[in-house]
Amino acid sequence: MERNLTLDSSTSEKYFRIASISIAFYDYIITLPAEWRFYRSQPSISRMSLACVLFILIRYVSVLVMILSNYGYFATSFTQQTCQHYYLATPAFKVMQSMISQVILGVRTFNIARRDRRIGIALLLLYLISISVEWFTDLYHRIPVVVDGNCTPVDSGKTLSAWLYYLAAMLYDLVMLTVSTTHLLRYNPLSTKVGRLVRVLIYDGIGYFIVLSAANLLNLILYHTTDSETQSAGASLGYAVTWIMSQRILINIREMSEPDPRRLESVVVARPTLSGARKNVVSGLRSQFESKSHSKNSKSPIDPEFPPTLSRNEHPDDVELDIRVCVEHSVKVDYDYEHSSSWDKPTVE
């Protein structure tokens, strides 16, 4: 009976690992075009945006941790001595992957919160506490176990602590979701595109939390057991989910914040010299743009560099002229001929 349970546990872990490898490989292939667009949008290799750097890190650290974990499990040539030099590699890169994922969430939340200094300090302290707990709980009391030539790290302490790693990660994700969603619900989008972006950010945050929490909860339960085969059964699935959900956040933000060339028009108006004429034109432009587009002061909540945006308690008092705006229909600008001596004829491209 006990032998049958061991075989079932080993078979389940193999299925979990093969499924996670297949899902991760499929997602890697279908996101190659998005990766290429990330690279093409950078001014140079030495001046990459923060979003691009985080995308590369989460993508290829995740590839590395998947390879290290599954090679150690499916290998057949490890001895106790060689496993001694290898078994901590997977837990170490597992924490690194989690650190990068949490940086993505932290930067995203900080910018959604309009880069508030106090919130930024609180998020940084939470991040440092979280990764400290994760490093300790993931490496504490780990021992190498060799079964049929494979090499896996096992939590062997009298008081199992590896499950606390997943609890710390879930609590961090919950705080990020709460802070970001609270601020997003306060935004008053001035255009349909910004409104769509806010909805995507809310759905991304909730989706990330639900999917990743489900994987973390599975591993939290499995690491409560003392069986070495059962403990790491869901680890590879957790790596794949963290990888996919983290890079999806970056991809969605970048694609939603990109201007649509089909809707991009240049509106060029000569700058007035008289304040009265300026007010007339500003009033006309405001009535045209407030419902259908956004001005310089009302840019989208997050672009590829995660900049801040307007919230409900702010009001765009000015509309700058000589700017590039996105419009969804043709715009007609009335020209006040009383001040023709101080103006060049306005043009619309």
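Only a predicted model underlies this, so the values are computations on that prediction, with no experimental measurement involved. Start at 1 with the first residue, then count along the sequence.
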Novice: Can S101 and Q97 be counted as having a side-chain donor-acceptor contact under 3.5 angstrom?
Specialist: no

Novice: How long is the gap from OG1 on T181 to CG on L201, to the nearest 0.5 Å?
Specialist: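 CG of L201 is found 9.5 Å from OG1 of T181.
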
Novice: Are the side chains of Y208 and D173 in contact, using a 4.5 Å heavy-atom criterion?
Specialist: yes

Novice: When you measure from the side chain of N150 to the backbone of V146, do you find a donor-acceptor pair of N or O atoms at a distance under 3.5 Å?
Specialist: no

Novice: Looking only at the side chains, is there a donor atom on one of T31 and R59 sitting less than 3.5 Å from an acceptor on the other?
Specialist: yes

Novice: Tell me, do L32 and I29 make a side-chain contact under 4.5 Å, heavy atoms counted?
Specialist: yes

Novice: So, do I18 and F74 sit near enough that their side-chain heavy atoms are less than 4.5 Å apart?
Specialist: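 The answer is yes, as the side chains (C-beta and beyond) meet within the 4.5 Å cut-off.
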
Novice: Is L177 linked to I129 within one hydrophobic cluster, defined over Ile, Leu, Val, Met, Phe, Trp and Tyr using a side-chain heavy-atom separation of less than 4.5 Å?
Specialist: no

Novice: Minimum heavy-atom separation for S180 to I112, with atom names?
Specialist: O-CG2, 3.6 Å

Novice: Distance alone, cut at 3.5 Å: any donor-acceptor contact between the side chains of Y15 and S20?
Specialist: no

Novice: Nearest heavy-atom pair of L184 and V198: which atoms, and what distance?
Specialist: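 That closest heavy-atom pairing would be O-CG1, 3.8 Å.
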
Novice: Supply the atom-to-atom distance Y239 OH to S62 OG, rounded to the nearest 0.5 angstrom.
Specialist: 11.0 Å

Novice: If every non-hydrogen atom of Y28 is compared with every non-hydrogen atom of E35, which pair is closest and at what distance?
Specialist: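 Nearest heavy atoms, Y28 then E35: OH-OE1, 4.4 Å.
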
Novice: Side chains of Y172 and I131, heavy atoms from C-beta outward: is any pair under 4.5 Å?
Specialist: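 Not touching, per the 4.5 Å side-chain cut-off.
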
Novice: I need the Y165 OH to W135 CH2 distance, nearest 0.5 Å.
Specialist: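 With rounding to 0.5 Å, OH (Y165) is 9.5 Å from CH2 (W135).
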
Novice: Is atom CD1 of I45 surrounded by more than 12 heavy atoms (other residues, nucleotides or ligands) closer than 6.0 Å?
Specialist: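 12 or below, so no.
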
Novice: List the atom of R142, the atom of P91, and the distance in Å for their closest heavy-atom pair.
Specialist: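 So the minimum-distance heavy-atom pair works out to NH1-CG, 4.2 Å.
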
Novice: Between the side chains of R248 and D204, is the shortest nitrogen-to-carboxylate-oxygen separation below 4.0 Å, so that they form an ion pair?
Specialist: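 No salt bridge links D204 with R248.
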
Novice: Are L212 and W163 linked, directly or through intermediate hydrophobic residues, by side-chain heavy-atom contacts shorter than 4.5 Å (ILVMFWY only)?
Specialist: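 W163 clusters together with L212.
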
Novice: Heavy atoms only: give me the nearest S130-A168 pair and the separation to one decimal.
Specialist: OG-O, 4.0 Å

Novice: Could you verify whether a donor N or O on one side chain and an acceptor N or O on the other, from T76 and D148, lie under 3.5 Å apart?
Specialist: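 Not at all, the side chains of T76 and D148 share no donor-acceptor pair under 3.5 Å.
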
Novice: At what distance, to the nearest 0.5 angstrom, does OG1 of T182 lie from CG of L185?
Specialist: 6.5 Å

Novice: Hey, are the side chains of R114 and I119 touching, using non-hydrogen atoms and a 4.5 Å cut-off?
Specialist: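 Not touching, per the 4.5 Å side-chain cut-off.
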
Novice: Are Y87 and F93 connected in a single hydrophobic cluster, I mean Ile/Leu/Val/Met/Phe/Trp/Tyr linked by side-chain heavy atoms less than 4.5 Å apart?
Specialist: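 F93 and Y87: one cluster.
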
Novice: Counting only heavy atoms not in Y39, do more than 12 fall under 6.0 Å of its OH?
Specialist: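 Yes, OH of Y39 has more than 12 neighbouring heavy atoms, counting only those of other groups under 6.0 Å.
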
Novice: Let me check something: do L220 and L139 share a hydrophobic cluster, defined by ILVMFWY side-chain heavy atoms less than 4.5 Å apart, either directly or through other members?
Specialist: yes

Novice: Considering all heavy atoms of both residues, which atom of K94 and which atom of D138 are nearest to each other, and what is their separation?
Specialist: NZ-OD1, 3.1 Å

Novice: Evaluate the side chain to side chain contact (heavy atoms under 4.5 Å, CB included) criterion for residues L64 and M96: first the C-alpha distance (whole Å), next the side-chain angles of each, then the deciding distance (0.1 Å), finally the verdict.
Specialist: CA-CA 11 Å; L64 188 56; M96 292 180 192; over 6 Å; no

Novice: Would you give the length of the straight line joining atom CG of L174 to atom OG of S213, rounded to the nearest 0.5 angstrom?
Specialist: 7.5 Å

Novice: Passes side chain to side chain contact (heavy atoms under 4.5 Å, CB included), V175 versus T178? Steps please.
Specialist: CA-CA 5 Å; V175 172; T178 303; 5.8 Å; no

Novice: Could you tell me whether the side chain of Y166 reaches within less than 4.5 Å of the side chain of L218, counting heavy atoms only?
Specialist: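 The answer is no; the side chains never approach within 4.5 Å.
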
Novice: Provide the full list of ring pair (Phe, Tyr, Trp, His ring centres under 6.0 Å) pairs with a residue in residues 44-70, sequence neighbours left out, each pair given once.
Specialist: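 Sorted result for residues 44-70: F38-F55.
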
Novice: Side chains of Y71 and F78: closer than 4.5 Å at any heavy-atom pair?
Specialist: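 Counting from C-beta outward, Y71 and F78 do come under 4.5 Å.
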
Novice: Of S236, S69, C151, which meets side chain to side chain contact (heavy atoms under 4.5 Å, CB included) against T90?
Specialist: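 Testing T90 for a side chain to side chain contact (heavy atoms under 4.5 Å, CB included) against S236, S69, C151 leaves exactly one candidate, S69.
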
Novice: Check the pair L123, I121 against side chain to side chain contact (heavy atoms under 4.5 Å, CB included), reporting the backbone distance first and the verdict last.
Specialist: CA-CA 5 Å; L123 294 180; I121 293 173; over 6 Å; no

Novice: Are any of the side-chain nitrogens in R37 or E255 under 4.0 Å away from the carboxylate oxygens of its partner?
Specialist: yes

Novice: Can you confirm whether Q80 is buried at CD, in the sense that more than 12 heavy atoms of other residues, nucleotides or ligands lie under 6.0 Å from that atom?
Specialist: yes

Novice: Does I244 offer a backbone N or O that forms a donor-acceptor pair with the side chain of D27 under 3.5 Å?
Specialist: no

Novice: Hey, quick one: are F110 and V53 part of the same hydrophobic cluster, counting side-chain heavy atoms closer than 4.5 Å, chains of contacts allowed?
Specialist: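 The answer is yes; both residues are in one hydrophobic cluster.
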
Novice: Before you tell me yes or no, could you show the steps for W243 and V63 under side chain to side chain contact (heavy atoms under 4.5 Å, CB included), namely the whole-Å CA-CA distance, both residues' side-chain angles and the distance that decides it to 0.1 Å?
Specialist: CA-CA 8 Å; W243 169 11; V63 170; 3.6 Å; yes

Novice: Side chain of Q42, backbone of S49: donor and acceptor closer than 3.5 Å?
Specialist: yes

Novice: Tell me whether K14 forms a cation-pi arrangement with Y73, defined as NZ or CZ under 6.0 Å from the six-membered ring centre and within 45 degrees of its axis.
Specialist: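 No, a cation-pi geometry is absent between K14 and Y73.
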
Novice: Less than 4.5 Å apart, side chain to side chain, heavy atoms only: is that true for M66 and I21?
Specialist: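 Yes; the side chains approach each other to less than 4.5 Å.
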
Novice: Can you confirm whether the side chains of Q102 and E134 place a donor and an acceptor under 3.5 Å from each other?
Specialist: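 There is such a pair between these side chains.
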
Novice: CG/L250 to CD1/I104 distance, rounded to the nearest 0.5 angstrom?
Specialist: 4.5 Å

